[in-house]
Amino acid sequence: MNLQPARGTRDIYGAELTAFKQVENTVRDFAKRYGFGEIQTPIFEATEVFCRGVGETSDIVSKEMYTFSDRGGESFTLRPEGTAGVVRAFVSEGMAQNLPVKLFYAGPMFRYERPQKGRYRQLHQAGVEILGAATPQTDVEVLCLAWDVLCALGLGGNVRLELNTLGDAESRAAYRDALVAYFSQYREQLSEDSRVRLEKNPLRILDSKDEGDKKLIENAPEMTAYLNEPSKAFFDEVKTGLDALGIPYVVNPRLVRGLDYYRHTVFEFVTESLGAQGTVLAGGRYDGLVRQMGGPETAGIGFGAGIDRLALLITELGKVDPEPRPIAVVPAGEDAVLPSMKAAHVLRQNGFIVDEAYTGNMAKRLKKANKINACAAVIMGGDEIAKGVATVRNLDSGEQKEVPLTDLPAALESFR
RNA sequence: GCGAAAGUAGCUCAGUUGGAUAGAGCGCCGGAUUGUGGUUCCGGAUGUCGUGAGUUCAAGUCUCAUCUUUCGCCCCA
C-alpha cells in the first residue's frame, strides 16, 4: 500500500496547523467585524456550476478541474474556487430578498495542477463576497477588510496591493477588441503561449513574462483609454476611498485576472517572499455573474485569500502566535493519582489548559511538563493530600508554594 | 501540460574511483535521580538507502522506469 498522501495534498498538523488556523481565524474574525455571516457550501457541485461560474476559457475550467461521475451518471466537480458555489447558494436559497448579502467562507478547494511550494492540488482559501451592492464603497470596504487582515497577521510591510480596473462590460469588450486588433498585427512575433491567449483571453497577454511579448506590450493600448465615463468615475471613487482610509496601493494597468467573471475593480496582494506563488489574496468585482448563473441581475465583489500561502508567509517571517501554555498536573505516587485527576478536572472546569504525563516518577513527569512547555506544575503527593493542599511550582522560575486545594484556581490565575 | 534538480534515521545532512556490520548532529528512549524539570554525564534504538527492474563477484553509489518533492514556465490563492 502506498502510504504517501496523494500528489499535491498533505497532512496539516502541529506548528503548521497553528499557523493555518491563525490565518483562517483572523479572516473570520475580521469578516465578522465587517458584518459578514459565514456560509459553508458543499465541497462538490454539479460541474455546470463551475463551468458557467468560472468561465469556460479559464485554465481552471479547461484543464484543472477534478470532475467525476457519480453512480447515477451525473457529472460533479470538486470546487476549484469559492465564489461560484457561494453565488449558486445565493440564487438557490433566494437570498436576493434581502440585499446586500455579505458572506464569508473558508475551506478546501481542488485544482489539478503541478504542485510547487505554496501551490497544491488541495488548497485552502478563506474569502468574502458582497452581493447586491454596486457602489464603489463596497470595493473599498472589501479592500479595507483585506488590508486589516494582512496587517493583523503582521504582513503590512510584506505585501503590496496592486489595483486595476477592467471597466464595465462595454469598456471591457471595447478594450478587448482593441487588444486583439493590436496584437494580431504582431501575431508572428508573439510567443506561442500568447498566440493561444490571443484566441482565448487576450487580456492575459498583458502579464506575459516572455521578453519578446514584453516589448510588444509596452506599446499596447492601455485600458484607461477605453474606459467609458461611468467606469472611470467608479474607479476614481475606489481610489479616493482607499486614499481616505490610508490604504497603500499601486495601480498596475497590466493586472488582469484569470477568471472570466471580473468587471471593474480587480486587485492582488502580492509578496516577494514566496517565489513564483506571490499572490496571497486577490479578487475583484463580478457584476453580471449572478445573472449568468441564472439569478437576478446582482452586483458582486469579493476576495479569496490563500490560507496555505499566508500560513507559509507568517511562518517564514516569524509572525505565528505562540500556543497558550498548559499547566501540568504531577501526582507523586499511586495514591495521588485520583486526587490529582480531581484537581485537574476542577481547573479545566475553570477554563485552564491542563495536561499531564501518565507514567513515570516525578522527575520524568516534570521533564514531560517541560516538553509540553507547561508554565506551572501542580504537584500532589502524600504530604499534600494529608494537608489538603497542592504544591504549585512555577516552571520558569522554580519557585513553589503550597496552596489549599479550594484556592487552587485563584492561585493559578497568573498562569492562565 | 513543458523544462530542470533532488529523495539516505522522526528532522537537518555526510557517505570517496562501485567494496565487507550505512554514519553524524539534533530529537527520541533508558540510567545517574523511588518527591522536583530545564544544565550535565553515561548507555540504547534508530533505516523496506522513495519504489521496481537491470548491469556487476559486489549497488546508498552505475543504467532504465516509476512515485514524490523542489525550482522555472504555464496558471492561480
Side-chain angles (χ1 to χ4, degrees), chain A residues 1-10 14-15 23 27 54 57-64 80-83 106 108-127 146 159 191-194 196-197 200-201 204 207-210 256-259 267-271 274-283 302-313 328 330-336 357 359-385 391-400:
Chain A
M1 183 172 64
N2 177 14
L3 296 176
Q4 285 178 317
R7 182 172 214 190
T9 68
R10 68 208 199 283
V23 171
V27 183
V54 181
T57 70
S58 72
D59 279 35
I60 290 182
V61 169
S62 56
K63 57 185 200 199
E64 294 177 3
E81 55 97 50
T83 302
M109 311 290 167
F110 304 85
R111 294 180 196 170
Y112 191 87
E113 293 189 281
R114 191 85 168 258
Q116 280 180 33
K117 186 179 186 183
R119 181 169 138 177
Y120 308 100
R121 289 188 169 182
Q122 176 172 340
L123 57 127
H124 300 82
Q125 291 188 344
V159 294
S191 67
E192 207 176 315
D193 284 329
S194 285
V196 176
R197 294 184 180 113
K200 285 174 59 180
N201 196 338
R204 223 180 293 155
D207 60 4
S208 172
K209 285 171 192 162
D210 181 271
V256 293
R257 307 272 313 138
L259 282 47
F267 57 87
E268 288 184 0
F269 286 87
V270 297
T271 176
L274 289 179
Q277 280 67 241
T279 303
V280 297
L281 186 156
F303 68 66
I307 297 177
D308 312 273
R309 289 180 186 179
L310 286 166
L312 269 174
L313 197 52
V330 179
E334 277 304 307
D335 294 342
T359 57
N361 57 26
M362 182 179 264
K364 194 135 292 177
R365 289 177 194 238
L366 282 168
K367 258 182 194 152
K368 177 76 174 174
N370 270 343
K371 208 169 302 170
I372 62 176
N373 195 30
C375 53
V378 174
I379 301 165
M380 295 177 70
D383 302 346
E384 284 88 353
I385 291 164
T391 297
V392 173
R393 182 178 177 85
N394 180 324
L395 288 175
D396 292 330
S397 67
E399 290 169 42
Q400 64 181 46

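Computation of the quantities below employed the complete heavy-atom set of this structure, encompassing side-chain atoms and omitting hydrogens, waters and symmetry-equivalent molecules. Labels below follow one simple rule: chain letters A, B, ... track the order of the sequence lines, proteins then strands, and each chain is numbered from 1.
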Could you check whether the side chain of [X] and the base of [N] have a donor-acceptor pair of N or O atoms closer than 3.5 Å, going by distance alone?
| X | N | answer |
| --- | --- | --- |
| Arg309(A) | C76(B) | yes |
| Arg119(A) | C74(B) | yes |
| Gln116(A) | U69(B) | no |
| Arg393(A) | U36(B) | yes |
| Gln4(A) | G50(B) | no |

Counting only Watson-Crick or G-U wobble pairs whose two distances fall under 3.5 Å, which nucleotide matches [N]?
| N | answer |
| --- | --- |
| C26(B) | G10(B) |
| G35(B) | none |
| U21(B) | none |
| A5(B) | U69(B) |
| C62(B) | G54(B) |

Which pair of heavy atoms, one from [X] and one from [Y], lies closest together, and at what distance?
| X | Y | result |
| --- | --- | --- |
| Ile385(A) | Ala336(A) | CD1-CA, 3.7 Å |
| Gln122(A) | Pro108(A) | NE2-CB, 3.4 Å |
| Ala305(A) | Leu310(A) | CB-CD1, 4.0 Å |

Classify [X] by what it touches in the nucleic acid, base, sugar-phosphate, or nothing, heavy-atom distance under 4.0 Å.
| X | answer |
| --- | --- |
| Leu281(A) | sugar-phosphate |
| Ala369(A) | nothing |
| Asp193(A) | sugar-phosphate |
| Gly14(A) | nothing |
| Glu268(A) | nothing |
| Gly304(A) | sugar-phosphate |
| Gly127(A) | nothing |
| Arg10(A) | nothing |
| Leu310(A) | nothing |
| Glu384(A) | base |
| Gly333(A) | nothing |
| Tyr120(A) | base |
| Glu113(A) | base |
| Gly398(A) | base |

Out of [options], which has the shortest distance to the side chain of [X]?
| X | options | result |
| --- | --- | --- |
| Lys371(A) | C71(B), C28(B), A77(B) | C28(B) |
| Gln277(A) | C28(B), C74(B), U33(B) | C74(B) |
| Leu366(A) | U34(B), C74(B), G37(B) | G37(B) |
| Arg114(A) | G37(B), A4(B), U69(B) | A4(B) |
| Thr391(A) | A77(B), U36(B), C75(B) | U36(B) |
| Lys367(A) | C74(B), A32(B), U36(B) | A32(B) |
| Arg111(A) | A77(B), C75(B), G31(B) | A77(B) |
| Lys117(A) | U36(B), C71(B), G37(B) | C71(B) |

Please give, in whole Å, the distance from [N] [atom2] to [X] [atom1]?
| X | N | atom1 | atom2 | result |
| --- | --- | --- | --- | --- |
| Asn394(A) | G38(B) | CG | P | 16 Å |
| Asp396(A) | U36(B) | CG | C1' | 15 Å |
| Lys200(A) | C75(B) | NZ | P | 9 Å |
| Met362(A) | U34(B) | CE | P | 12 Å |
| Gln122(A) | U69(B) | CD | P | 13 Å |
| Glu64(A) | C76(B) | CD | P | 8 Å |
| Arg365(A) | U34(B) | CZ | P | 14 Å |
| Asp210(A) | G72(B) | CG | C1' | 14 Å |

Using only side-chain N and O atoms of [X], determine if any of them is under 4.0 Å from OP1 or OP2 of [N].
| X | N | result |
| --- | --- | --- |
| Lys364(A) | G31(B) | yes |
| Lys63(A) | G1(B) | no |
| Lys209(A) | C74(B) | yes |

Taking the same atom, [atom1], in [N] and in [M], what whole-Å distance lies between them?
| N | M | atom1 | value |
| --- | --- | --- | --- |
| A9(B) | C49(B) | P | 9 Å |
| C74(B) | C2(B) | P | 16 Å |
| U69(B) | A59(B) | P | 30 Å |
| A45(B) | G10(B) | C1' | 13 Å |
| G47(B) | A22(B) | P | 13 Å |
| G50(B) | U12(B) | P | 14 Å |

Cation-pi check, Arg121(A) onto Phe110(A) ring (under 6.0 Å, within 45° of axis): no
Closest-nucleotide 5' rank along RNA chain B - winner of Pro115(A) and Ala332(A): Ala332(A)
Whichever of Tyr112(A) and Leu274(A) has its nearest RNA chain B nucleotide further upstream toward 5': Tyr112(A)
Side-chain donor/acceptor of Arg393(A) to backbone N/O of Val378(A), under 3.5 Å: no
Evaluation steps, salt bridge (Lys or Arg N to Asp or Glu O under 4.0 Å), between Arg10(A) and Asp308(A): CA-CA 11 Å; Arg10(A) 68 208 199 283; Asp308(A) 312 273; 2.9 Å; yes
Between Glu384(A) and Thr391(A), a side-chain donor and acceptor under 3.5 Å: yes
Contacts of Lys364(A) that satisfy side chain to side chain donor-acceptor pair (under 3.5 Å) - sequence neighbours left out: none
Asn361(A), CG: over 12 other non-hydrogen atoms inside 6.0 angstrom: yes
